[in-house]
Visitor: 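What follows is a structure written as structure tokens; I'll ask about it next.
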Protein chains: 2
Amino acid sequence: MVERALAASEAEARLVRMLKALGNPIRFQIMKTLAERRTCITQEIVATTPLAQSTVSQHLKVLREAGLIEGEISGPATCYCIDVRGVRWLKDQIEQWLPECCTSDVPWGAFSEQESQRQPGRCC
Amino acid sequence: MVERALAASEAEARLVRMLKALGNPIRFQIMKTLAERRTCITQEIVATTPLAQSTVSQHLKVLREAGLIEGEISGPATCYCIDVRGVRWLKDQIEQWLPECCTSDVPWGAFSEQESQRQPGRCC
DNA sequence: CTCTTTTATCGTAATTTTACGATATAAGGG
DNA sequence: CCCTTATATCGTAAAATTACGATAAAAGAG
């Protein structure tokens, strides 16, 4: 079970990494731009921001390392697009984790392996 | 349309705020704990972490201000639970934004108001 | 009223993130 | 080969985040 726990926490780490990457206004905007235009070279993305090229390149690196975008070298430029598999995975994770705590009657135990010893509805 | 644009960017700011709040391992774990136990007082959450009480209190504040959890004063303690409406809203936003860039043929224009002047599939 | 329990907030130090300019690399045109 | 274009990376400064201990406030027990 250690491997499963490790795998779970690796997935969780990846999920948190993605959430953190998206939790920045500039990077979120870059994702929107890429979603709208499907593909952009770095300079085009730079043009949509008030930031320096090097700063945007850094943000692109964060998004790339989080598995949210892909970059393909195209001549002297790099062509970026959304990492569809990564975003799908993220969406699946969000759907898997978050609804479980919001769907009324279903016990929330599935949200974690640990067993809760509290009866529901104590306060709040 | 200014109000709509403002409202949209306010919603976006809220969404980014939520993503940022979740994009921290400790805070993500707190959400998991609350989902599993449904309600916790601060001290119980502190006990699940290696951190000082004041630090956890700070993280709870971030989650609260992001609209992800609710705190209700209960005697000398504060009882926390997940803000179901907030989490539902987050999930709706994620479903609304992210899938649009991943569902194959559908044009991605709906992802943003701006009009793209690029034909799809130039690279990547 | 005094003491205990439980929190939130304040002040502060350490770490991380964010941003910039400068620079090195890579590709292609002339 | 030289020049332009496009990018990533490096070094560094400023800002934000994260963490801690100390402290103040609030509620209840004795």
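Quantities reported herein were computed from a predicted structural model and do not represent experimental measurements. Below, chain A is the first sequence line, B the second, and so on; all start at residue 1.
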Visitor: Send over the distance from Ile69(A) CD1 to dA8(D) C1', rounded to a whole Å.
Guide: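 That distance rounds to 13 Å.
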
Visitor: Any side-chain N or O of His59(B) below 4.0 angstrom from OP1/OP2 of dA19(D)?
Guide: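 True: His59(B) side-chain N/O within range (under 4.0 Å) of dA19(D) OP1/OP2.
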
Visitor: Please report the distance, rounded to the nearest Å, between CG in Leu60(A) and C1' in dT18(C).
Guide: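 So the CG-C1' distance, Leu60(A) to dT18(C), works out to 14 Å.
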
Visitor: Verify the contact: side-chain N or O of Asn24(A) to OP1 or OP2 of dT17(C), cut-off strictly under 4.0 Å; return yes or no.
Guide: no

Visitor: Which comes earlier along DNA chain C counting from the 5' end, the contact point of Pro76(A) or that of Ile26(A), where each point is its nearest nucleotide?
Guide: Ile26(A)

Visitor: Is it the case that atom CZ in Arg17(B) sees more than 12 heavy atoms from other parts of the structure closer than 6.0 Å?
Guide: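 Atom CZ in Arg17(B) is not packed in, count stays at 12 or less.
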
Visitor: Under 4.0 Å between a side-chain N/O of Lys20(B) and OP1 or OP2 of dA16(D), yes or no?
Guide: no

Visitor: Rounding to an integer number of Å, can you tell me how far Gln43(B) CD sits from dA8(C) P?
Guide: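 About 12 Å, once rounded to whole Å.
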
Visitor: Are any of Tyr80(B)'s side-chain N or O atoms less than 4.0 Å away from OP1 or OP2 of dA8(C)?
Guide: yes

Visitor: Give Thr55(B) one of three labels, base, sugar-phosphate or nothing, depending on what nucleic acid heavy atoms sit under 4.0 Å from its own.
Guide: base

Visitor: At under 4.0 Å between heavy atoms, what does Thr78(B) touch on the DNA or RNA strands: base, sugar-phosphate, or nothing?
Guide: sugar-phosphate

Visitor: How about Arg64(B): does its CZ atom have over 12 heavy atoms from other parts shown lying under 6.0 Å from it?
Guide: yes

Visitor: I'd like to know if Lys91(B) and Glu95(B) make a salt bridge, using a cut-off of under 4.0 Å between side-chain N and carboxylate O.
Guide: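 Yes, charged N to carboxylate O under 4.0 Å.
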
Visitor: Measure from CD1 on Ile41(A) to C1' on dT7(D) and round the result to the nearest Å.
Guide: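 Rounded to whole Å, this separation is 10 Å.
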
Visitor: Using atom CD of Gln58(B) as one end and atom P of dA8(C) as the other, report the distance to the nearest whole Å.
Guide: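 It is 12 Å, rounded to the nearest whole Å.
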
Visitor: How close or far is atom P of dA16(D) from atom CZ of Arg27(A), stated in whole angstroms?
Guide: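 Roughly 15 Å, once rounded to whole Å.
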
Visitor: Output yes when at least one side-chain N/O atom of Lys61(B) is less than 4.0 Å from OP1 or OP2 of dT7(C), else no.
Guide: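 Indeed not, no polar side-chain atom of Lys61(B) lies that close.
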
Visitor: What's Thr42(A) touching, base or sugar-phosphate or nothing? Going by heavy atoms closer than 4.0 Å.
Guide: sugar-phosphate

Visitor: Is the shortest side-chain N/O distance from Gln53(A) to OP1 or OP2 of dT7(D) below 4.0 Å?
Guide: no

Visitor: If I take atom CD1 in residue Ile73(B) and atom C1' in nucleotide dA25(D), what distance separates them, rounded to the nearest angstrom?
Guide: 11 Å

Visitor: Just the rounded figure in Å: distance from P of dT17(C) to CG of Leu51(A).
Guide: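 Atom CG in Leu51(A) sits about 17 Å away from atom P in dT17(C).
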
Visitor: What's the shortest heavy-atom distance between Thr39(A) and Cys81(A), and which atoms?
Guide: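 In this case the closest contact between Thr39(A) and Cys81(A) is CG2-CB, 4.2 Å.
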
Visitor: My understanding is that only one of Ile45(B), Val46(B), Ile82(B) makes a side-chain contact (heavy atoms from CB on, under 4.5 Å) with Ile30(B); could you say which?
Guide: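 Of Ile45(B), Val46(B), Ile82(B), side-chain contact (heavy atoms from CB on, under 4.5 Å) with Ile30(B) is met by Ile45(B) alone.
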
Visitor: Which residue, Val56(B) or Gly75(B), contacts DNA chain D at a nucleotide closer to its 5' end, judged by nearest heavy atom?
Guide: Val56(B)

